[in-house]
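Everything below concerns the one structure shown next.
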Protein chains: 2
Amino acid sequence: MRLVIARCSVDYAGRLSAHLPPANRLIMIKADGSVSIHSDTGSYKPLNWMSPPCRLTEQPDRLLITGKSGETLTIEISEIISAWSADLGSDPGLVKDGVESHLQELLAAQLDVLGAGWRLVRREFPTAIGPVDLMCRDSAGVSVAVEVKRRGEIDGVEQLTRYLDLLNRDPLLAPVRGVFAAQEIRPQARVLAEDRGIRCVTLDYDTMRGTDDGMLRLF
Amino acid sequence: MRLVIARCSVDYAGRLSAHLPPANRLIMIKADGSVSIHSDTGSYKPLNWMSPPCRLTEQPDRLLITGKSGETLTIEISEIISAWSADLGSDPGLVKDGVESHLQELLAAQLDVLGAGWRLVRREFPTAIGPVDLMCRDSAGVSVAVEVKRRGEIDGVEQLTRYLDLLNRDPLLAPVRGVFAAQEIRPQARVLAEDRGIRCVTLDYDTMRGTDDGMLRLF
DNA sequence: TTGTTGATTTCGCAA
DNA sequence: TTGCGAAGTCAACAA
């Protein structure tokens, strides 16, 4: 990794055009050739960047970076304030816990959160337009398609609606009801879902994880 | 901005939990207190980060960063390889050209791209479920709702469909037809749109910008 | 290779 | 402040 702090102006031409007037910034050049330009504020997102794969060409006062589909990033350097280089080696990578797939696992193991006597038909129930997160039957034996989201927004309601439209054409399954389950459900998504007769359920990941731990201890 | 290259392990606890085993990495600490941890590969996204606003606490071999809603980022440092600091000053910011709003402006000024004799009723035509990008009337006076996208995907077709459903309930407007206009339309989005009687139009930003420049020169 | 979906998305605008 | 849609979204995964 090379790190350069320099006064520079930047131009990007690709899916859009973008320009940065001259100022002092950090230029980060990674071992894979990717480049990002950071200011001293803002979150982790750089002002400009080029993602790998790309090719870096160095000229006297200029860095030219070309992406594989023809995008160009041009960094005009008027003054180098400092520059370093370091070999970091490869990274063992990140371990995550608490993403949507975990939420889906937990809910599948605790269907009583949705209703007493429900049973799971299948996780990732396949359809022609994609898998339904959880296909269940309620205590009366009625089919229920459950869409699990971390954050419930309108897109998720549309997705579940498409599944329900399709599933209800299958006489072996119909009628199929819908449940939209998420840690957080946006008001507009809730309105749209309930307008379409889809039940909304808010999930508490920590409680479900706790319950699950308890289950594991009992058995 | 402070830059530290160090052998470190990292733990994040917030909306999810994440852990990074020990390795050499770059720790970037911005003037606003935000922190990001980069490896030597991958695009601009860091392995772990904390967005501002947040608070940084330094301990002998550890950095503790606390976010405003209680997330914590813990960096255990076993060896500092190098460390620098620099004051970059404020940044004048980025100038962008070619995003969706520009596309919408250009199309509003060149409705003949959609058909001869069309006229604009309103940009950002308000409805109860959000604004329609362009509301027009064609040469026969029939209402047309136009959804403009940079990249046309299924979500955009769903969005336009919702608008059309709503608008067609208004006897003053009905019948309302739909046009889905984008620089690039995904095949599945095109199929869905045309299946619903929505016309798809591919836009060429450079041509439209050129035409617009021409118009400006003429008047 | 293409398409789909999730993301600690981030960012910007408007109510 | 909150909500919502766009983004050079990126990135992982399946077909």
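Order of the sequence lines fixes the chain letters, A, B, ..., with proteins taken first and strands second; residue numbering starts at 1 for each chain.
Put simply, CG on B:Asn48 is 16 Å from C1' on D:dA11, counting in whole angstrom units. As a whole-Å value, the separation of B:Leu160 CG from D:dA6 P is 12 Å. Taking atom CD on B:Glu158 and atom P on C:dT5, their separation rounds to 11 Å, with Å as the unit. Atom C1' of nucleotide C:dA7 and atom OH of B:Tyr12 are separated by 11 Å, given to the nearest angstrom. Rounded to a whole Å, the NZ atom of B:Lys45 is 9 Å from the P atom of D:dA12. Straight-line distance from the CD atom of B:Glu184 to the C1' atom of D:dA7: 14 Å, rounded to whole Å. Between the P atom of D:dA14 and the CG atom of A:Asp133 lies a distance of 14 Å, rounded to the nearest Å. Between the CD1 atom of A:Ile185 and the P atom of D:dC4 there is a distance of 12 Å, given to the nearest Å.
Using a 4.0 Å heavy-atom criterion, one finds that A:Ser101 contacts no nucleic acid atom at all. Among the atoms of the strands shown, none is found under 4.0 Å from any heavy atom of A:Asp155. Residue B:Met50 is out of contact with every strand shown, counting any heavy-atom pair closer than 4.0 Å. Within 4.0 Å (heavy atoms only), B:Glu153 reaches no atom of the nucleic acid at all.
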Note to self: For a side chain to side chain donor-acceptor pair (under 3.5 Å) check, start with the C-alpha distance between B:His38 and A:Lys30, then their side-chain angles and the critical distance, and finish with the verdict.
What the structure shows: CA-CA 9 Å; B:His38 283 266; A:Lys30 292 193 174 186; 3.2 Å; yes

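If you take atom C1' in D:dA7 and the same atom in D:dA11, they sit 15 Å apart, rounded to whole Å. If you take atom P in C:dT8 and the same atom in C:dT4, they sit 22 Å apart, rounded to whole Å. Distance noted for atom P between C:dT5 and D:dG8: 22 Å (whole Å).
Listed nucleotides: D:dG3, C:dT10, C:dT8. Nearest to the side chain of B:Ala18: C:dT8. You'll find that the side chain of A:Arg186 is closest to D:dG3, out of C:dG6, C:dT10, D:dG3. Which of D:dG8, C:dT5, C:dT8 sits closest to the side chain of A:Tyr163 comes down to C:dT5.
Here A:Tyr44 does not pack flat against the base of C:dT10, since the 5.5 angstrom centre distance and 30 degree tilt limits are not both met.
The phosphate of C:dG6 has OP1 or OP2 within less than 4.0 Å of a side-chain N or O from A:Lys149. Applying the 4.0 Å criterion to OP1 and OP2 of D:dG8, one finds that B:Lys96 has a side-chain N or O inside that range. Checking the phosphate oxygens (OP1, OP2) of C:dT8, no side-chain nitrogen or oxygen of B:Ser51 falls inside 4.0 Å. At D:dG5, none of the side-chain N or O atoms of B:Gln159 fall inside 4.0 Å of OP1 or OP2 (strictly under the cut-off). Remark: B:Arg15 is not in phosphate contact with C:dA7, judged by side-chain N or O atoms under 4.0 Å from OP1 or OP2.
Looking at which nucleotide of DNA chain D each of B:Glu147 and B:Arg151 is closest to, the 5′-most match is held by B:Glu147. Residue whose closest nucleotide on DNA chain D sits further toward the 5' end, between A:Pro187 and B:Ser43: A:Pro187.
Counting only N and O atoms by type, the side chains of B:Asn48 and A:Tyr44 include no donor and acceptor under 3.5 Å apart. Checking B:Gln188 against B:Glu153 by side-chain atom types alone, no donor-acceptor pair falls below 3.5 Å.
A distance-only check finds a donor-acceptor pair linking the side chain of B:Thr161 to the backbone of B:Val157 [under 3.5 Å].
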Sequence neighbours excluded and cut-off under 3.5 Å, please list the side-chain donor-acceptor pairs for residues 2-12 of chain A, or say none.
| unit_1 | atom_1 | unit_2 | atom_2 | d |
| --- | --- | --- | --- | --- |
| A:Arg2 | NH1 | A:Glu58 | OE2 | 2.8 |
| A:Asp11 | OD1 | A:His19 | ND1 | 2.9 |
| A:Asp11 | OD2 | A:His19 | ND1 | 3.2 |

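Here the closest non-hydrogen pair linking A:Gly33 and A:Cys54 is O-SG, 3.3 Å.
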